[in-house]
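Structure first, then comments.
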Amino acid sequence: MEPSVFYFGNLPVRNPDGNDADTEGFKHSVDEIFQKVDKLEQRMNGVEQFYLDISKKQQTGSSKGGGSSIVKDKDKERHVTSIRKQKQDASKREAAAAKRMQELMRQFGTVLRQITQHKWAWPFMQPVDVKGLRLHDYYEVIDKPMDFSTIKVQMEAKDGTGYKNVREISADVRLVFKNAMKYNDERSDVHVMAKTLLGKFEEKWLQLLPKVTEEEKRREDEEVEAKLDMQLAQEAAHAKMARDLSNELYEVDMHLEELRNIVVQKCRKMSTEEKRKLGVALTRLSPEDLTKALEIVARNNPGFQATAEEVDLDIDAQTESTLWRLKFLVKDVLEVQGKSAASTGGNNNNKKNTSNNNKRKREICDAIAKTAKKRSKKPSS
């Protein structure tokens, strides 16, 4: 029976036992690796996008005169909890803050009752009767009418449309009196009553203001801390993801190396003509790629000095595994060079390498060519 042959890329691989099951198993392994690499690439893109967004935020912060990073070194030393825990803590903080604000609003309600119970408060308890009083120009003078009954409705609203904090209520209380002072003449009773009550309100508001300011500062600090903790948790999660990706990529590399070794072991013996062509192809490599080729030779030949000033590479003396590894390298490099040449319209006016690299390349290439020429004169086996 003829040994079965399959292709790894464009390279023929022979199964000496003719076992098609081994061939299919190899193909299946390659397919699994490709699928895994695709998934790893998607996850890596997510990690890259996360850190790209952070980088943009840091640059924006720097341009505005802020710190170079939201997360300072001393903050990074803090214990970082999970993102889910951060969300749970944020919900608890919001609930606690809402409860504290309700207490402030209750205290504000006491102030409001004292004002509305004043003997001069009656003109401001209900909306202005514009039609009944024939105030035809009222809406031309007053942009936003306000009264204490409307404020009370807003304070007692349970559908989310009510006041969120006491500053909103205090602003509307001021609006009640300022509207009256704006529309009515300074000498009118309503203007005087509004001005008097506004003064009393401001006195009582100043007594409550320290508590309001303290709560606002606390809320601001908590929001900053929550934002910082969430960013730390996200960075920790993505850092772990990056470590996991690195480990998985390492495993993929090891698996690919195993498969490459299998391919090399199952490759047919390279002919004399193929060795000659390989030697010629090596002379077309760049100094960097030529160094990689010499490193491949050195792997299976401990005595070979890949970094020596002068290198004499005998193609025929190399093992089959080394020859096929060199062919893998040459094939990949020349394909990249071909694509690069096509994308630039065949323009070869690239920057020259340093004189030392070119000199070393010429010396190595001359040695390879000389050896290949000498070997090609021998009869083929």
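Computed from heavy atoms alone, side chains included, the values below leave out hydrogens, waters and symmetry copies.
- The minimum heavy-atom distance between Gly132 and Asp129, with the atom names listed, is N-OD1, 3.0 Å.
- The two atoms that bring Gln126 and Ser149 nearest to each other are OE1-OG, 3.5 Å, heavy atoms only.
- Partners of Ser271 under the side chain to side chain donor-acceptor pair (under 3.5 Å) rule, at least two apart in sequence or in another chain, are Glu274.
- Formation of a donor-acceptor pair under 3.5 Å by the Thr150 side chain with backbone atoms of Met146 is not found in this model.
- Thr291 contributes a side-chain N or O that, together with a main-chain N or O of Pro287, makes up a donor-acceptor pair within less than 3.5 Å.
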- request: Just do the side chain to side chain contact (heavy atoms under 4.5 Å, CB included) check on Trp205 and Val212 with the steps written out, would you?
  value: CA-CA 10 Å; Trp205 170 251; Val212 176; 4.1 Å; yes
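- Applying the salt bridge (Lys or Arg N to Asp or Glu O under 4.0 Å) test to every pair with at least one member in residues 176-190, sequence neighbours left out, gives these pairs: Asp185-Arg187.
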field: Residues Tyr139, Val130; criterion side chain to side chain contact (heavy atoms under 4.5 Å, CB included); working and verdict
entry: CA-CA 9 Å; Tyr139 294 116; Val130 176; 3.5 Å; yes
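- Taking 4.5 Å as the limit, every side-chain heavy atom of Gln102 sits out of range of all side-chain heavy atoms of Lys99.
- Rounded to the nearest 0.5 angstrom, Met270 CE and Glu320 CD are separated by 6.5 Å.
- Within the 4.5 Å cutoff, the side chain of Phe201 has no heavy atoms near those of the Leu112 side chain.
- In this view, Asp221 and Lys217 satisfy the side chain to side chain contact (heavy atoms under 4.5 Å, CB included) rule, not counting sequence neighbours.
- In this structure, Ala121 and Ile115 approach most closely via the heavy-atom pair CB-O, 3.5 Å.
- A continuous path of hydrophobic side-chain contacts links Val141 to Leu133 [ILVMFWY only; heavy atoms under 4.5 Å].
- In this structure, Trp122 and Thr116 have side chains that are not in contact, with every pair of non-hydrogen atoms separated by 4.5 Å or more.
- How far CG of Leu197 is from CD of Gln114: 12.5 Å, rounded to the nearest 0.5 Å.
- With contacts defined as side-chain heavy-atom distances shorter than 4.5 Å, the pair Met125/Asp147 does not qualify.
- Taking every heavy atom of both residues into account, Leu290 and Leu285 meet most closely at N-CB, 4.0 Å.
- To the nearest 0.5 Å, atom NZ of residue Lys275 and atom CG of residue Leu326 are 12.0 Å apart.
- Taking CD of Glu335 as the reference point, atom NZ of Lys331 lies at 4.0 Å (rounded to 0.5 Å).
- The stretch residues 103-127 participates, sequence neighbours left out, in these salt bridge (Lys or Arg N to Asp or Glu O under 4.0 Å) pairs: Glu103-Arg106.
- Nearest heavy-atom pair across Leu104 and Lys211 is CD2-CB, 3.7 Å.
- Following chains of ILVMFWY side-chain contacts shorter than 4.5 Å, one can reach Val333 starting from Ile315, so the two form part of one hydrophobic cluster.
- With sequence neighbours left out, Tyr138 forms a ring-ring contact (aromatic ring centres under 6.0 Å, His included) with Tyr183.
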Side chains of residues 162-170: which donor-acceptor partners sit under 3.5 Å, not counting sequence neighbours?
residue : atom : partner : partner atom : Å
Tyr163  : OH   : Asp172  : OD2          : 2.6
Lys164  : NZ   : Gly160  : O            : 3.0
Lys164  : NZ   : Gly162  : O            : 3.2
Asn165  : OD1  : Arg167  : N            : 3.1
Asn165  : OD1  : Glu168  : N            : 3.1
Arg167  : NE   : Glu216  : OE1          : 3.1
Arg167  : NE   : Glu216  : OE2          : 2.4
Arg167  : NH2  : Glu216  : OE1          : 3.2
Glu168  : OE1  : Lys164  : N            : 2.8
Ser170  : OG   : Val166  : O            : 3.4
Ser170  : OG   : Arg167  : O            : 2.8
Ser170  : OG   : Arg174  : NH1          : 3.4

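- With a 4.5 Å cut-off on side-chain heavy atoms, Glu156 and Lys158 do not count as touching.
- Distance check, rounded to the nearest 0.5 Å: CG of Asp316 to CG of Asp314 gives 5.5 Å.
- In this structure, Thr213 has no side chain to side chain donor-acceptor pair (under 3.5 Å) partners at least two apart in sequence or on a different chain.
- Remark: Arg134 engages no residue in a side chain to side chain donor-acceptor pair (under 3.5 Å) (not counting sequence neighbours).
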task: List the steps and the verdict of salt bridge (Lys or Arg N to Asp or Glu O under 4.0 Å) for Glu94 and Arg219.
output: CA-CA 9 Å; Glu94 285 295 324; Arg219 287 292 298 269; 3.7 Å; yes
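- The side-chain heavy atoms of Met193 and Pro123, taken from C-beta on, include a pair separated by under 4.5 Å.
- Looking at Met181 and Leu198, their side chains come closer than 4.5 Å, going by heavy atoms from C-beta outward.
- Placement of Leu175 and Met105 within a single hydrophobic cluster is found when ILVMFWY residues are connected by side-chain heavy-atom separations under 4.5 Å, directly or transitively.
- Looking only at side-chain heavy atoms (C-beta outward), Arg325 and Leu329 stay at 4.5 Å or farther from each other.
- Here the closest heavy-atom approach between residue Val330 and residue Leu278 is recorded as CG2-CD1, 3.9 Å.
- For Phe177, the ring-ring contact (aromatic ring centres under 6.0 Å, His included) partners at least two apart in sequence or on another chain are Phe124, Phe148.
- The CD atom of Glu225 sits 11.0 Å away from the CZ atom of Arg218 when rounded to the nearest 0.5 Å.
- Within the structure, ring-ring contact (aromatic ring centres under 6.0 Å, His included) pairs that include any residue of residues 271-296 do not occur (at least two apart or interchain).
- Residues passing the side chain to side chain donor-acceptor pair (under 3.5 Å) test with Arg100 are Glu215, sequence neighbours excluded.
- Taking Asp289 as the reference, Lys292 meet the salt bridge (charged side-chain N to carboxylate O under 4.0 Å, His left out) condition, with sequence neighbours excluded.
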